[in-house]
Student: 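There's a structure below that I have some questions on.
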Amino acid sequence: MSSIISERNFKISLAASLTILYGLLFLWLNFYQLNTVSSNLFCALSTILFGLSVILIGNNLNFYRPANFNYSYLLVWCLVYAWFSTFFPNWLLLLYSKNDKPFSTFIENSTYVRLIFNFLALLCFSAFSLIWYNIGDNKENNKRKEEALALNRESELYKLRQQLQPHFLFNSLNSINALIGSKPTAARKMIEQLSDFLRYTIKKEENQLVELKDELQHLQLYLEIEKVRFGHRLITNFEVEESTLTQKIPALLLQPIMENAIKFGLYDTIEQVKINLNAKKELNNLVLEIKNPFDKLTSINSKGTGFGLRSVRKRLQLLFFRNDLLKTSTIENTFITEITIPQTIIKTLNE
């Protein structure tokens with residue numbers, strides 16, 4: 001059975017059906033004014049054997065159900081158990097009541113009527129049991145599929161996060177290495193900031209979703225490290241609506257996007273570069289927009305399909321089952337990355 005409650009209800013239904021069967025048999029025998037003791041014995045024995053047949057068929061169907069809807073074997077089972085639950089009580093009761101002529105006559109004359117009734121009743125029960133067990137199997141299969149999909153999704157999300165860490169560390173360690181000789185103080189400061197950033201990252205990885213204000217705090221740690229690398233050349237500007245600060249966002253989502261903006265904004269120029277981040281609410285969505293300048297002629301990837309954006313797009317697709325939540329566009333020499341976080345779906349993820 002698919003659950004304990006379903007199995008208990010099934011047993012209650014079976015017990016109620018057998019009780020009704022006993023009552024109907026007793027009324028039938030009482031109609032012919034047969035011996036009360038013999039009638040009770042007949043009803044009890046017939047009901048018990050019919051119930052035993054029901055249980056045996058149910059167990060058979062629980063452990064074995066052939067494919068391709070080839071259920072002709074059910075007819076054979078029902079016929080065998082119907083014969084057993086009809087003729088075995090006949091044999092015992094005829095031995096017991098051989099001196100009770102009216103009762104013996106009733107047993108003999110009603111044999112085939114009872115055989116047909118038992119066969120049809122068992123056939124109906126078999127069909128019911130078959131549907132019952134198939135529904136239970138489907139529920140279990142769907143549950144296993146959902147669990148497998150959830151595990152696969154979590155595995156992919158974890159893999160994406162683990163890929164981002166070495167990617168960022170590689171760049172940071174190269175920068176620290178370059179600063180050690182010429183600017184040892186800046187290198188030490190960058191190491192301290194990198195330590196704080198990684199400690200915060202490990203802590204936040206435990207949570208799937210965080211408030212925007214926490215994500216921005218984490219992003220500031222990252223930008224402080226990058227400003228050690230690029231100095232006065234990197235300027236960042238946040239324009240965040242107050243109402244968005246408590247909106248939920250996947251943890252560690254903004255850092256790879258900002259890293260992408262820095263890469264394609266600063267790597268091809270020696271001038272100051274300003275990167276803007278805007279956050280606003282649109283209906284039930286949190287909309288984040290990151291703008292960075294780029295040079296169409298010298299940019300390595302003017303379409304913005306670097307690893308950072310690919311990882312974010314994949315992560316959003318895994319979390320929200322949509323592939324339209326990250327959009328990129330260009331206006332003259334400005335590259336725009338827009339992310340939409342549906343807050344209605346966020347509620348279901350939190351539950």
Side-chain angles (χ1 to χ4, degrees), residues 153-154 156-169 171-172 189-229 234-263 275-292 307-309 311-320 322 325-327 336-351:
R153 188 182 68 169
E154 289 299 319
E156 290 193 54
L157 289 170
Y158 178 77
K159 182 180 178 181
L160 287 171
R161 290 198 299 268
Q162 294 304 106
Q163 285 175 325
L164 282 171
Q165 290 293 353
H167 185 77
F168 166 69
L169 282 173
N171 291 335
S172 298
K189 180 181 179 182
M190 191 171 181
I191 291 173
E192 292 174 0
Q193 291 172 334
L194 180 60
S195 176
D196 292 337
F197 174 83
L198 292 178
R199 187 181 299 112
Y200 191 90
T201 298
I202 293 171
K203 179 181 178 182
K204 286 300 176 184
E205 277 188 344
E206 297 175 358
N207 302 319
Q208 186 73 285
L209 302 168
V210 297
E211 292 185 348
L212 178 61
K213 60 183 179 181
D214 293 329
E215 181 71 2
L216 293 177
Q217 181 182 354
H218 172 261
L219 188 62
Q220 288 289 1
L221 285 173
Y222 166 75
L223 291 173
E224 288 299 320
I225 296 172
E226 294 296 84
K227 286 178 181 178
V228 174
R229 293 174 61 192
L234 175 59
I235 301 173
T236 57
N237 177 51
F238 288 6
E239 295 180 9
V240 180
E241 292 181 1
E242 187 73 21
S243 59
T244 65
L245 292 175
T246 56
Q247 299 286 289
K248 292 298 183 70
I249 182 174
L252 312 178
L253 188 75
L254 293 179
Q255 183 262 321
I257 300 175
M258 188 62 71
E259 184 176 1
N260 187 82
I262 292 172
K263 176 181 178 182
I275 298 175
N276 293 293
L277 185 150
N278 300 322
K280 58 184 178 181
K281 286 180 66 176
E282 290 185 359
L283 299 177
N284 292 320
N285 298 324
L286 169 64
V287 178
L288 302 164
E289 190 177 69
I290 295 92
K291 297 180 180 180
N292 64 275
F307 173 76
L309 292 188
S311 67
V312 171
R313 180 177 284 110
K314 180 65 175 177
R315 189 177 175 195
L316 291 172
Q317 185 178 353
L318 288 169
L319 284 172
F320 301 104
R322 288 175 56 180
L325 298 179
L326 186 147
K327 298 177 182 178
I336 304 171
T337 303
E338 182 180 280
I339 300 174
T340 302
I341 309 296
Q343 296 301 301
T344 53
I345 301 178
I346 286 285
K347 292 179 181 179
T348 61
L349 291 174
N350 278 329
E351 293 176 354

Student: May I ask you to test the Leu319-Leu325 pair for a side-chain heavy-atom distance under 4.5 Å?
Tutor: no
Student: With no hydrogens and no angle check, do the side chains of Glu224 and Gln220 hold a donor and an acceptor under 3.5 Å apart?
Tutor: no
Student: Calculate, to the nearest 0.5 Å, the distance between atoms CG and OG1 belonging to Asn260 and Thr337 respectively.
Tutor: 6.0 Å
Student: To the nearest 0.5 Å, what is the distance between CD1 (Ile257) and CG (Leu309)?
Tutor: 6.5 Å
Student: Could you grab the distance from atom CG of Leu252 to atom OH of Tyr222, nearest 0.5 Å is fine?
Tutor: 13.0 Å
Student: Decide yes or no on side-chain contact (heavy atoms from CB on, under 4.5 Å) for Thr236 and Lys227, but give the supporting numbers first.
Tutor: CA-CA 10 Å; Thr236 57; Lys227 286 178 181 178; 3.4 Å; yes
Student: Return the minimal non-hydrogen interatomic distance between Pro342 and Arg322, and the atom names on each side.
Tutor: CG-NH1, 3.8 Å
Student: When you look at Ile275 and Leu223, which way does the side-chain contact (heavy atoms from CB on, under 4.5 Å) test go after all the steps?
Tutor: CA-CA 11 Å; Ile275 298 175; Leu223 291 173; over 6 Å; no
Student: Rounded to the nearest 0.5 Å, how far does NZ of Lys281 lie from CD of Glu242?
Tutor: 12.0 Å
Student: Okay, side chain of Glu289, backbone of Ala279: is any donor-acceptor separation there less than 3.5 Å?
Tutor: no
Student: Val240 vs Asn278, test: side-chain contact (heavy atoms from CB on, under 4.5 Å). Steps then yes/no.
Tutor: CA-CA 6 Å; Val240 180; Asn278 300 322; over 6 Å; no
Student: Would you name the heavy atoms of Leu221 and Asp196 that are closest together and state the gap between them?
Tutor: CD1-O, 4.2 Å
Student: Could you tell me if the side chain of Leu254 sits less than 4.5 Å from the side chain of Leu277, heavy atoms only?
Tutor: yes
Student: Rounded to the nearest 0.5 Å, how far does CG of Asp214 lie from CG of Leu209?
Tutor: 12.0 Å
Student: Is it true that atom NZ of Lys189 has more than 12 heavy atoms of other residues, nucleotides or ligands lying nearer than 6.0 Å?
Tutor: no
Student: Could you tell me which non-hydrogen atom of Glu215 sits nearest to which non-hydrogen atom of Leu253, and how far apart they are?
Tutor: OE2-N, 2.8 Å
Student: Hey, are the side chains of Val287 and Ile339 touching, using non-hydrogen atoms and a 4.5 Å cut-off?
Tutor: no
Student: Which pair of heavy atoms, one from Leu234 and one from Glu226, lies closest together, and at what distance?
Tutor: CD2-CB, 3.8 Å
Student: When you measure from the side chain of Gln343 to the backbone N and O of Lys248, does any donor-acceptor pair fall under 3.5 Å?
Tutor: yes
Student: To the nearest 0.5 Å, how far apart are CG in Asn284 and CD1 in Ile341?
Tutor: 13.5 Å
